[in-house]
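Residue numbers start from 1 in every chain, and the chains themselves are labelled A, B, ... in the order their sequence lines are given, proteins ahead of strands. Because only heavy atoms are used, hydrogens play no part in the values below, and waters and symmetry mates are left out as well, while side chains stay in.
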There are 2 protein chains.
Amino acid sequence: MGKQMTEMLKGTLEGLVLAVLSVQSAYGYEITAWLREQGFADIAEGTVYALLVRIEQRGLVDVQRVPSEKGPPRKVYSLNASGRASLDEFWVTWDFLSDRISHLKPQGHHR
Amino acid sequence: MGKQMTEMLKGTLEGLVLAVLSVQSAYGYEITAWLREQGFADIAEGTVYALLVRIEQRGLVDVQRVPSEKGPPRKVYSLNASGRASLDEFWVTWDFLSDRISHLKPQGHHR
DNA sequence: GCGCAGTATTCGGTGTCACTATGTACCTGG
DNA sequence: CCAGGTACATAGTGACACCGAATACTGCGC
């Protein structure tokens with residue numbers, strides 16, 4: 001992963017995960033695998049777990065331990081009301097930032 | 001500034017500044033003022049100056065001291081070849097990330 | 001002439017975040 | 001038994017934006 005990507009993920013990775021959880025509950029290993037499929041090939045497992053611990057401690061998600069047939073019990077996270085509010089905020093912030101940045105992109109002005 | 005914005009600016013602020021400098025050379029105070037006009041109202045002056053020092057040390061910009069009629073001499077930064085390369089990289093990273101994130105954005109109207 | 005506001009830059013300390021590296025634990029197949 | 005996939009946790013590191021304060025140069029009003 002490039003250094004630029006590492007820095008750019010700060011803040012956005014949390015939104016990304018919240019957005020995923022808003023669609024469907026999921027557990028850490030699953031989310032990591034999904035991110036890798038999406039092209040975040042080098043995302044570190046530890047990063048995702050740490051993020052999940054963080055949003056749990058902030059009360060943005062509810063957790064349920066679910067036994068797995070294939071390994072240790074899973075911690076399934078689901079977005080709660082606080083989490084949805086935080087996700088809404090994320091979209092506002094993202095829209096603002098992405099709007100400002102797109103204005104600066106050379107291709108932004110068409111021929 | 002919201003905490004979300006603070007985190008999201010990590011990595012993107014540098015790209016933002018490089019993009020500004022690709023249009024025209026500028027000095028710190030000027031860049032800060034411009035950012036504030038663009039809606040980054042609470043951007044910290046110290047943040048911009050620290051960023052400029054950083055990209056100077058990485059050799060992405062050339063610097064020229066220019067006397068000011070209104071205060072102490074200005075440090076005018078201009079993007080060099082390395083800086084343009086780094087900016088190109090930034091756009092690649094940005095496009096990738098913003099593409100993944102936009103896929104997750106609910107385009108509907110339900111919540 | 002003196003303080004004050006606007007201009008312009010610098011710097012030490014803080015908190016947050018992604019990454020690295022490693023460890024633990026559970027299960028199945030060879 | 002043990003190798004490999006599944007699943008989670010965490011101590012330490014580095015990078016970055018922020019805060020607060022300091023420094024310095026100028027022109028203006030009093």
Side-chain angles (χ1 to χ4, degrees), chain A residues 1-18 25-36 40-58 60-61 63-77 86 90 93 97, chain B residues 1-18 25-36 40-58 60-61 63-77 86 90 93 97:
Chain A
M1 191 88 60
K3 193 165 89 64
Q4 292 209 54
M5 182 60 91
T6 293
E7 286 309 318
M8 236 181 273
L9 280 176
K10 292 184 182 177
T12 52
L13 185 59
E14 182 176 313
L16 216 51
V17 169
L18 291 177
S25 300
Y27 55 97
Y29 194 79
E30 194 182 5
I31 294 170
T32 305
W34 181 86
L35 286 167
R36 291 193 166 142
F40 298 96
D42 307 326
I43 202 87
E45 277 206 88
T47 298
V48 175
Y49 287 113
L51 191 158
L52 290 169
V53 166
R54 221 160 56 223
I55 63 178
E56 179 187 356
Q57 270 160 6
R58 285 209 209 113
L60 307 182
V61 286
V63 188
Q64 204 185 346
R65 277 206 119 81
V66 176
S68 161
E69 333 82 46
K70 294 185 178 175
R74 299 166 173 166
K75 281 181 75 176
V76 175
Y77 295 85
S86 183
F90 168 77
T93 307
L97 189 57
Chain B
M1 188 92 57
K3 195 166 88 63
Q4 293 211 52
M5 182 59 91
T6 293
E7 287 307 320
M8 232 181 274
L9 279 177
K10 292 184 181 178
T12 52
L13 185 60
E14 183 176 312
L16 214 53
V17 170
L18 291 177
S25 300
Y27 54 98
Y29 194 79
E30 195 181 2
I31 294 171
T32 305
W34 181 86
L35 286 167
R36 292 197 165 139
F40 298 96
D42 306 327
I43 203 85
E45 282 209 83
T47 298
V48 176
Y49 286 111
L51 192 159
L52 290 170
V53 167
R54 222 159 54 224
I55 63 177
E56 179 186 355
Q57 270 159 8
R58 286 208 209 114
L60 307 182
V61 286
V63 190
Q64 204 186 345
R65 278 207 119 80
V66 176
S68 162
E69 332 80 49
K70 294 184 176 177
R74 300 165 173 168
K75 281 179 75 177
V76 175
Y77 295 85
S86 183
F90 168 77
T93 308
L97 189 57

Need one value for A:Leu52: base, sugar-phosphate or nothing, where a base atom within 4.0 Å counts as base even if backbone is also close, heavy atoms only. nothing
Assert: residue with more 5' nearest nucleotide on DNA chain D, out of A:Glu30 and B:Pro73, is A:Glu30
Distance (rounded to the nearest 0.5 Å) between [X] [atom1] and [Y] [atom2]:
X       : Y       : atom1 : atom2 : value
B:Leu9  : A:Met8  : CG    : CE    : 11.5 Å
B:Arg36 : B:Ile43 : CZ    : CD1   : 8.0 Å
B:Gln4  : A:Thr12 : CD    : OG1   : 11.0 Å
B:Leu35 : B:Asp42 : CG    : CG    : 12.0 Å

Among all residues two or more places apart in sequence or in another chain, which pass the salt bridge (Lys or Arg N to Asp or Glu O under 4.0 Å) test with A:Arg58? A:Glu14
With sequence neighbours left out, the residues meeting salt bridge (Lys or Arg N to Asp or Glu O under 4.0 Å) with B:Glu30 are none
Could you state the atom-to-atom distance from [atom1] of [X] to [atom2] of [N] in whole Å?
X       : N      : atom1 : atom2 : value
A:Arg65 : D:dA9  : CZ    : C1'   : 11 Å
B:Met5  : D:dC19 : CE    : P     : 13 Å
B:Lys3  : D:dC16 : NZ    : P     : 18 Å
A:Tyr29 : C:dT24 : OH    : C1'   : 15 Å
A:Arg36 : D:dG5  : CZ    : C1'   : 13 Å
A:Met8  : D:dA15 : CE    : P     : 17 Å
A:Leu51 : C:dC19 : CG    : P     : 10 Å
B:Gln57 : D:dG14 : CD    : C1'   : 15 Å

With the side chain counted from C-beta on, respond yes when B:Ser86 and B:Leu18 share a heavy-atom pair under 4.5 Å apart, and no when they do not. yes
Any B:Phe40 side-chain heavy atom under 4.5 Å of B:Leu16 side chain: yes
Among [options], the nucleotide that comes nearest once only the side chain of [X] is considered:
X       : options                : value
B:Arg58 : D:dC16, D:dA17, D:dC19 : D:dC16
A:Lys75 : D:dA17, D:dC8, C:dC19  : D:dC8
B:Leu13 : D:dA17, C:dC19, C:dC17 : D:dA17

Hey, is the side chain of A:Arg54 poking within less than 4.0 Å of OP1 or OP2 on D:dA9, counting only N and O atoms? no
Ignoring backbone atoms, establish whether A:Arg74 has a side-chain N or O less than 4.0 Å from OP1 or OP2 of C:dC27. no
Could you pull out the protein-nucleic contacts involving nucleotides 26-30 of chain D (nitrogen or oxygen on both sides, under 3.5 Å)?
| residue | atom | partner | partner atom | Å |
| --- | --- | --- | --- | --- |
| D:dT26 | O3' | B:Glu69 | O | 3.4 |

Which pairs of donor and acceptor atoms, one on a side chain in residues 47-56 of chain A, lie under 3.5 Å apart (sequence neighbours left out)?
| residue | atom | partner | partner atom | Å |
| --- | --- | --- | --- | --- |
| A:Tyr49 | OH | A:Tyr29 | N | 3.3 |
| A:Glu56 | OE1 | A:Lys75 | NZ | 3.4 |

Show each protein N/O and nucleotides 11-15 of chain C N/O combination with a separation under 3.5 Å, one pair to a line.
| residue | atom | partner | partner atom | Å |
| --- | --- | --- | --- | --- |
| C:dG15 | N2 | B:Lys10 | NZ | 3.2 |

Residues passing the side-chain contact (heavy atoms from CB on, under 4.5 Å) test with A:Glu7, sequence neighbours excluded, are A:Lys10, B:Lys10
